[in-house]
Amino acid sequence: MQYAIYLPTFGDLADARALADLAAEAEAAGWDGCFLWDHLAMWWDDSQPVVDSTVALAAVAMATERIRIGPIVTALPRRRPWKVARETATLDQLSGGRMILGVGLGANRHEFEAFGEEPDLRVRGAMVDEALTVITGLWTGEPFSHAGRFYSVAAAQFRPPTLQTPRIPIWVATSWPNRAPQERAWRWDGAIATMAQPGPFNVPTEAIAAIRAGAPDGEGRFDIALANGNPQWNLAADAAEAARYEDAGLTWWLEDIDPWRFGGDAEPPWQLGAMRERILAGPPRR
């Protein structure tokens, strides 16, 4: 199993330089990845500062050499797929082929309602499917055309193609126990385990095992990622917990580094020292 830090992009971390510094420290401490939240605004408080995740990931790419990077998750229905294709291909080139694209329908209603975006989840699911067709088509670097329900592309060619072949890995957010998001994830390269009913770190190992059981067989690796983190972190206890999920089929443990876990408040000042201490302690390997 691989281990990554999972960082918000608001409040005291609404700073691409600060995120890049933490990612560099995580790489030195033995972590395998650094993934960022992707939001336009904070749903409970629009006055909170927010940094753009794509710009921040560029800074992270420049500050690191080995670890995997990416957004967890990008809500594709509020994004133009050709812009996502251009941004992610650029990040893949910049990082030397370390990009992973996490996608989903979007769980934050505010980011859709405030800007007049599509509210219906079924429609958004269809938008995700079609957007991924467009994105992967443009990633090839070859002329690409598409005429669909939501998007139209007329003989566009994006160069250079992605550095990774056949393409950047795509992880899709699930919504346990809903079947449709799992089936969408199985068509791609990985699943990000989440629950249909939001709650802190409440995805059971049975969900991981079920996603693993339905994953496609073959030579390609199918990843399952889960954000987790005990408020009273202890490396030995966390390693035991991570091992339990690994045995169920998890391949990426995303160590949640956020203000609710470290300090209990989303308002500044955050306990940045405690957050950094957890990163420097390294991953909870068995």
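By the 30° and 60° cut-offs, the orientation of the rings of F35 relative to W171 is tilted. Between W37 and H39, the angle of the ring planes goes over 60°, which puts this pair in the perpendicular group of the 30/60° scheme.
Stacking of R167 on the aromatic ring of W139 is not recorded, the 6.0 Å distance cut-off and the 45° axial limit not both being met. Figure legend: R124 and F112 shown as a cation-pi pair, the cationic atom lying under 6.0 angstrom from the six-membered ring centre and within 45 degrees of its axis.
One finds a salt bridge joining E87 and K83 here, because a Lys/Arg side-chain nitrogen approaches an Asp/Glu carboxylate oxygen to under 4.0 Å. Between R68 and E27 no salt bridge is recorded (no basic side-chain N to carboxylate O distance below 4.0 Å). A salt bridge is absent between R98 and D92: the closest approach of a Lys/Arg side-chain nitrogen to an acidic carboxylate oxygen does not fall below 4.0 angstrom. Using a 4.0 Å cut-off between charged side-chain N and carboxylate O, D247 and R286 make a salt bridge. The residues D129 and R149 are annotated as not salt-bridged, no charged nitrogen and carboxylate oxygen being separated by less than 4.0 angstrom.
Annotation for R17: atom CZ does not count as buried by contact number, only 12 or fewer foreign heavy atoms lying within 6.0 Å. Within a 6.0 Å sphere centred on CD of Q157, other residues, nucleotides and ligands contribute more than 12 heavy atoms.
Expressed to the nearest 0.5 Å, how far CG of L57 lies from CG of L36 amounts to 4.5 Å.
Remark: the backbone N or O of Y3 is paired with a side-chain donor or acceptor of D32 at under 3.5 angstrom.
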